[in-house]
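Read through the structure below, which is laid out as structure tokens, and then see the notes.
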Amino acid sequence: MKQEIKELVLTALKCLEEKRGIEIKELPLFTIEVPKVEEHGDFATNVAFMLTKSFKASPRQIAEQIIECLPKCNWLERVEVAGPGFINFFLKENAWQQIVKRILKQKEDYGRGEVKGIKVLVEFVSANPTGPLHIGHGRGAAVGDSLANILDFAGYDVQREYYINDRGRQMQILGYSVYLRYLELVGEHRDFPKECYQGDYIKDLARELYEKEGLKYKEMPEAEAVSKISQCAGQKILDDIKETLKIFGVGFDNWFSEKSLYEESKVKRLLQWLKEQGLAYEKDGALWFSSSRFGDEKDRVLIKADGTMTYFASDLAYHKNKMERGYDLLVDIWGADHHGYVARVKAGVKAMGFDPKKLQILLIQLVHLKRGGVPVAMSTRAGEFIPLKDVLDEVGKDAARFIFLTRSCDSHLDFDLEVAKSQNMENPVFYVQYAHARVCSIEKMAQERGISFPELLKIDLSPLIEPEEIRLMKLLAQFPEVIEGASRSLEPHRLPYYLTELAGEFHRYYNKHRILGVAEEVSQARFALAQAVKIVIKTGLSLLGVTAPQQM
RNA sequence: GCGCCCGUAGCUCAGCAGGACAGAGCAACGGACUUCUAAUCCGUCGGUCGGGGGUUCGAAUCCCUCCGGGCGCGCCA
């Protein structure tokens, strides 16, 4: 709809140019938008403001001239100049009714963007397999998964990937932690160091190991035992992570192993190449990457003096690999506590000869878990974090996902378990679902009363003229733009806000007007409108990974 | 000290590539169920958009600065 208005304006501009002999030097970046106030029409444009220089006239005068040149259009009621020079467009009712028709025709494809031919890789969660997912990972998972859904729906070619840090020091510590707990079980007590993983899940892993394998690991050399246990425990934890993600409705196309980068010598070859290019140098027994030459505040270590690789070395090889797989855009979703890492990875990408604009890093702010307004104690040091799985068990997937998404990534998020369970507007997930269920309920009631409706596309929509109906149709018309905006800006939170608004508009309508039990033509038209609402809510919720129940 | 994010109604947050008088929910108060689910709806109350400069026809939005809060600044991840 917006696009069509834009075309009209562009035609008018061209006509004006010829008529007045005025040359518009550069096509202005004007906008078409839906005004906040209804008196300002259905759409408005600021184009006149942009042309004051070319035309050497006041915005109002220019606006008048543009209106004169607007082509005739059968769905336009009137166009007027308002305020300091806005052009307001008022549409005929049947223009909005067309939207309902379009939705009923396209069904779950309404809002889907045209295939853009842009390959995107969204990498998210990527939690180390050294412990269960916690609530912060949950936010990243919800945002990443929904963003990927939205991008896909908007017409991008999307892949989802989880990067597994399945090697390195953390994995060693994991193996050692489980080893120590295992030794305790078989009667050998040693100090349990602070840097080891403190959580109870370590004890569970040790117990499982003991029950399955007996004394096997006690009898082998420590180094061998730790290495074997590390691998085995990492796998177990990864399985557990996968299970939690499954419950959460999050899936990946690819699980990328950090270890594989080493097995294929990718890290080694990259470091060699960096050295040859003069981008890496040795100092104090370590190998350094000259990241400061590419915008980072200082150089970074790739190989430590003890000969081990930093994670940063792997990360560079990983990003090189991702770029070489031919993506047009890489989206990395990280916790905000990693923001210090952004500059160095971007520097690396630039140094390796890739366009750093192709890498978008989304930082997700912290989640504060609360219960009834009181913070839930979370001490990572003691390993006393609440696993995501427990939160899902308590509040359910739908509420959790919706809450994680109903906030800009830049904002800290208070996740209150009581609120997540409550069924009021503090927790809008039910509000949106309820609107969907209400439409289903109307269908059911119609069936019970033996009312049958004609084929939806054949229904005459002209009775839809109530202000609440027009408003509802206008909102439905915005859905494709919401998708477009959310994908372009990588801001999935726009969608839940839109859905809440749409649900609200429907609830209002439902309370004021009846769908069944009114004159037949009216009833049919309203039923068709309700179906359109149902389709959009269902599509929107599914993009968020939230179910749309038939009944509540 | 440096860097990133945040500061909008009593509370939790939106504000859509700067646009017309700043929005929603909660809380408070007052209303609406013999008719499609009241998990709903309607109304009232509530804001010098942290302060100050600047750019612009026009700023919550962009720039500078100051103040507050969070996070990060390792040859840890």
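Every chain is numbered from 1, with letters handed out A, B, ... down the list of sequences. Just so it is clear, the values below take in all heavy atoms, side chains as well, and ignore hydrogens, waters and symmetry mates. What you see is a predicted model; the values in this text were computed from it and never measured.
Comparing the C1' positions of U8(B) and G25(B) gives a spacing of 15 Å, expressed to the nearest Å.
Put simply, OH on Y434(A) is 5 Å from P on A39(B), counting in whole angstrom units. Rounded to an integer number of Å, the gap from L516(A) CG to C36(B) P is 9 Å. In this structure, L499(A) atom CG and G25(B) atom P are separated by 16 Å, rounded to whole Å. Regarding K346(A), its NZ atom lies at a distance of 15 Å from the C1' atom of G3(B), rounded to whole Å. Taking atom CZ of residue F30(A) and atom C1' of nucleotide G19(B), one finds them 15 Å apart after rounding to whole Å. If you measure from atom CZ of R526(A) to atom P of U35(B), you get 18 Å, rounded to the nearest angstrom. Here the P atom of nucleotide C16(B) and the CD1 atom of I483(A) are 17 Å apart, to the nearest Å. As rounded to whole Å, 16 Å separates atom P of G1(B) from atom CD of E297(A).
For the 3.5 Å distance criterion, the side chains of H507(A) and R438(A) qualify, holding a donor opposite an acceptor.
The nucleotide C45(B) finds no pairing partner, because no Watson-Crick or G-U wobble arrangement with both distances shorter than 3.5 Å includes it. Pairing for G25(B) goes to C11(B), judged as Watson-Crick or G-U wobble with the two contacts each under 3.5 Å. Using N1 to N3 plus N6-O4 or O6-N4 for Watson-Crick, or N1-O2 and O6-N3 for G-U wobble, each under 3.5 Å, G18(B) pairs with nothing. In a base pair of the Watson-Crick type (N1 to N3 plus N6-O4 or O6-N4) or a G-U wobble (N1-O2 and O6-N3), with each distance short of 3.5 Å, U61(B) is matched with no nucleotide. Under the Watson-Crick and G-U wobble criteria, each requiring two contacts below 3.5 Å, nucleotide U55(B) is left unpaired. Pairing for C2(B) is with G72(B), a Watson-Crick or G-U wobble pair whose two hydrogen-bonding atom distances lie under 3.5 Å.
Picking from C41(B), C4(B), A14(B) the nucleotide with the shortest atom distance to the side chain of H493(A) gives A14(B). The Q170(A) side chain lies nearest to C76(B) when the options are C75(B), C76(B), C5(B). The Y431(A) side chain lies nearest to U40(B) when the options are U40(B), C75(B), A20(B). Which of G19(B), C21(B), C13(B) sits closest to the side chain of Y497(A) comes down to C13(B). Across G70(B), U40(B), C13(B), the shortest atom-to-atom separation from the side chain of N511(A) is found for U40(B). In this structure, of G19(B), A14(B), A17(B), it is G19(B) that holds the atom nearest to the side chain of M50(A). Side-chain proximity of Y311(A) to the nucleotides C75(B), C5(B), A77(B) is greatest for A77(B). Side-chain atoms of F430(A) lie closest to A39(B) of the nucleotides A14(B), A20(B), A39(B). Side chain of R514(A), nearest nucleotide from U35(B), U40(B), U12(B): U35(B). Side-chain atoms of S411(A) lie closest to A14(B) of the nucleotides A39(B), C75(B), A14(B).
Nucleic acid contact class of R488(A) (heavy atoms, under 4.0 Å, all strands): base. Within the 4.0 angstrom heavy-atom criterion, no nucleotide atom of any strand lies near K444(A). Across all strands, K370(A) comes closer than 4.0 Å to no nucleic acid atom at all (heavy-atom distances). At a threshold of 4.0 angstrom between heavy atoms, the contacts of D299(A) with the nucleic acid are absent.
D337(A) contributes no side-chain N or O that forms a donor-acceptor pair with the base of A77(B) under 3.5 Å.
Aromatic pair F124(A)/Y162(A): centroids not less than 6.0 angstrom apart. Here F30(A) and F49(A) keep their ring centres 6.0 angstrom or further from each other.
Between R438(A) and A39(B) there is no side-chain polar atom (N or O) within less than 4.0 angstrom of OP1 or OP2. OP1 and OP2 of G19(B) both lie 4.0 Å or more from every side-chain N or O belonging to K36(A).
Nearest-nucleotide assignment on RNA chain B puts the 5′-proximal partner with H507(A), out of W288(A) and H507(A). Comparing M425(A) and R344(A) by the nucleotide of RNA chain B that holds the closest heavy atom to each, the one mapping nearer the 5' end is M425(A).
Considering R293(A), K298(A), R300(A) as possible partners of D296(A), the one that fulfils the side chain to side chain donor-acceptor pair (under 3.5 Å) test is R300(A). For the pairing with F289(A), the side-chain contact (heavy atoms from CB on, under 4.5 Å) check across T310(A), D299(A), L274(A) returns one residue only, L274(A).
The structure places CG of L417(A) at 11.0 Å from OG of S422(A), a figure rounded to the nearest 0.5 Å.
Here the closest heavy-atom approach between residue L174(A) and residue G234(A) is recorded as CD2-N, 3.8 Å.
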